[in-house]
Amino acid sequence: MTDVLLEKVELARDGRAVLSIPSLHLRADRVTAILGPNGAGKTTLLRLIAGLERPTAGRITIAGSAPDPQQRRVAFAFQEPEYLRRSLRANLELGLRLGGVAAGAARARALAALEALGIGELAERRADRMSGGQRRRANLARALCLKRPIVLLDEPLAGLDGAAYMRLLDELPSLLSQFTATTVLVTHSRDEALRLAEDLVVIVDGRVRAAGPKREIATNPRHADTAAVLGYSVLRAGGRRVAVPDAAIRPGPGAVMFDAEVENVLDLGDGWDVGGRIGEVRIHIGLRHDAAPPRPGDRWMVHTTVAYELE
Amino acid sequence: MQPGLLVISVRTLAISGVATLLAIVVGVPIGYLIARRPFFGRTALLGFVNTGMGMPPVVVGLVVWLVLVRNGPFGPLGLIYTPSAMMLAQFLLATPVIVGFTTASFQALPPRLSDLLRSLGAGPFRTAWLLAREAHIGLLAAVMAAFGAVVSEVGASMIVGGNLARSTRVLTTAIVTETSRGDVERALLLGIVLFALSLVVSLVLTVVQQRNRP
C-alpha cells in the first residue's frame with residue numbers, strides 16, 4: 001500500500017516560505033486532487049513528492065519508509081511536457097528501459113499505453129512535433145505506462161480547450177482506474193477536481209487549508225480561502241460570513257437574505273441574466289423570461305437556502 | 001605530389017585532431033556543468049570563456065613558449081619545439097571554443113528536460129548523456145569551430161613548434177616558409193591541401209550533425 005505521508009514539511013526559497021505542511025496524508029491507490037489558485041505551491045508539492053526538490057525541513061514517507069529521491073518509484077506528468085527528439089514510442093520506452101524493463105516488454109507496454117490514450121497511430125511519429133492535444137495524451141501515456149505505484153499529474157488538461165478538453169476529461173476517470181496507483185493530480189479547476197478525484201486537498205499560499213474525502217471538503221468549506229477555491233461566494237449575512245454556491249442564490253426573501261445591487265440585465269433569449277453585487281462580491285442570477293427582471297441600479301432582495309457558515 | 005606533403009598533412013591532422021579531442025574531453029563536461037544551474041560567478045566565468053574563444057593564437061603561443069622554454073618552469077620536460085608543445089597550445093585555443101558552444105547548446109535545451117529524465121529514473125551520467133544527444137547539433141558545431149580554429153592557426157604553432165621541417169612543420173607554417181622562400185606555387189598547393197583537409201573534416205561532421213533533420 002503506497003501511502004504518501006508528509007510530516008512537518010517546510011520549503012523555503014530565498015528565505016521565503018513556499019510550502020508549510022505540518023501533516024498531510026495522501027491515501028494509497030486513491031486519486032487526490034490538489035486544488036488551489038495559481039502560485040499556491042501545488043506544483044512544488046508534486047516536485048517534493050517526486051524528490052525533484054528537497055524540503056528545507058520535515059520528512060516525506062512513501063509506503064512507510066523515506067526513500068532516497070532516486071529510489072522513489074513515481075511517474076511524473078509535467079504540466080509542460082517535454083519530449084526527446086525521437087519517436088513517441090521511443091520516448092515512452094526510455095522511461096520503461098530506465099526502470100529496468102526489457103526491450104520487448106517496454107515496446108509492448110509503450111504501444112499499449114498509446115492505444116489506451118487513443119494515439120496509437122502516432123507511435124512512430126517524432127514526439128517533438130505534435131499538436132497540443134496529442135502532447136497532453138502522450139504525456140499521460142508516458143506516465144501511466146510506467147505503472148509506478150505513485151502517479152503525479154500536473155494540470156493534465158492545461159492548454160486544452162473545447163472538444164479536446166471535454167473528451168480527455170471524460171476519458172480520464174476510466175484511464176486512472178485502469179492504471180491503479182496513488183494518484184496526485186494538481187489542478188486549479190474545481191470542476192476537474194470534483195470530477196476526477198476521490199480526495200481533495202486545498203492549498204492556498206503554501207498552506208493546506210482543507211484535506212479529506214471530496215464530498216466532505218466540497219460541502220463544508222469552513223474557511224473563506226477554501227470556499228473561494230471551491231467556487232463559493234463568500235458573503236456576509238447578519239455579522240457572520242457564509243459560503244454560498246452561486247447557483248443557489250435566488251430572488252425574493254428566504255432563510256438567509258442579502259441585499260443585492262443590480263448592475264446589468266442581459267436578455268439571453270430564453271431568460272434573463274441579472275448581474276449584480278452583494279457588498280463587494282459579484283453574483284449572477286438567471287431568471288426565467290416570464291419573470292419581470294429588475295432594472296440596473298435597483299436594490300434587490302435575494303436569498304439562499306444553502307449557506308455554509310465559515311470560521 | 002611533392003615529397004613531404006603527405007607527411008606534413010598527416011602531421012597537421014594528427015596535431016590539430018588530438019588537440020581538438022582533448023579539448024572535447026575537457027571542455028564538454030565543463031560546458032555541461034556551467035549550463036546545469038546558476039552559481040555565483042557564472043556570468044563572469046562565461047565572459048572569460050567567450051573572451052577565450054577569440055584569443056589571438058600568437059599570444060597563447062607566447063605564453064606556452066614562456067612556460068616550456070628550456071629555462072622556463074617546465075623547461076626540463078624538453079617539450080619545446082615538439083608536436084606535444086603544439087598540441088598543448090592548440091588545446092588551450094580549442095578549449096574555450098568547446099566550452100562556450102557547449103554551454104550555449106545545453107542552455108538552449110528545454111530546462112525541464114533534465115527534470116523529466118531524473119523523474120524517469122536516469123542517474124546523473126545517464127541524464128548528461130541523453131541531454132548531450134539532444135544537444136548534438138550544437139555540440140558538433142562546437143567541434144567544427146574548434147578544429148577549424150586550431151588547424152588554421154599559424155602563430156602558436158610557429159612559436160612553440162619552431163617550424164622544424166622534420167618534426168613540427170604543419171601546413172600553415174609550411175605555407176609561411178614557402179611564401180618567404182618565393183615558392184608561391186608550392187605555397188598555393190599547401191593552401192589548397194589545407195583547405196581540402198578542413199572541408200573533408202567539416203563535411204563528415206556536418207553529415208553526422210544533420211542526420212534525421214527535416
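Just so it is clear, the structure is predicted and the values come from calculations on it, not from any experiment. Every chain is numbered from 1 and lettered A, B, ... according to where its sequence line falls, protein lines coming before strand lines.
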Taking atom CG as the centre, does B:Asp115 end up with more than 12 heavy-atom neighbours from other residues, nucleotides or ligands that are less than 6.0 angstrom away? yes
What are the two closest heavy atoms between A:Leu98 and B:Leu120, and how far apart are they? CB-O, 3.7 Å
So does A:Arg54 have more than 12 non-hydrogen atoms from other groups sitting under 6.0 Å from CZ? no
Beyond-backbone contact of B:Leu109 with A:Glu82, side-chain heavy atoms, under 4.5 angstrom: no
Distance col, row A:Arg47:CZ vs B:Ser119:OG, nearest 0.5 angstrom, shows 9.5 Å
Let me confirm one number: the CD-CZ distance from A:Glu80 to B:Arg112, rounded to the nearest 0.5 Å. 4.0 Å
Does B:Phe74 CZ have over 12 foreign heavy atoms under 6.0 Å away? no
Is it the backbone or the side chain of A:Leu146 that comes under 4.5 Å from a heavy atom of chain B, or both, or neither? side chain
Would a 4.5 Å heavy-atom cut-off, applied to side chains only, mark B:Arg133 and A:Arg86 as touching? yes
Take atom CZ of B:Phe125 as the centre, draw a 6.0 Å sphere, and report whether it contains more than 12 heavy atoms from other residues, nucleotides or ligands. no
Spatial distance of atom CG (B:Leu116) from atom CG (A:Asn91) [nearest 0.5 Å]: 8.0 Å
Any chance you could measure A:Arg85, atom CZ, to B:His136, atom NE2, to the nearest 0.5 Å? 6.5 Å
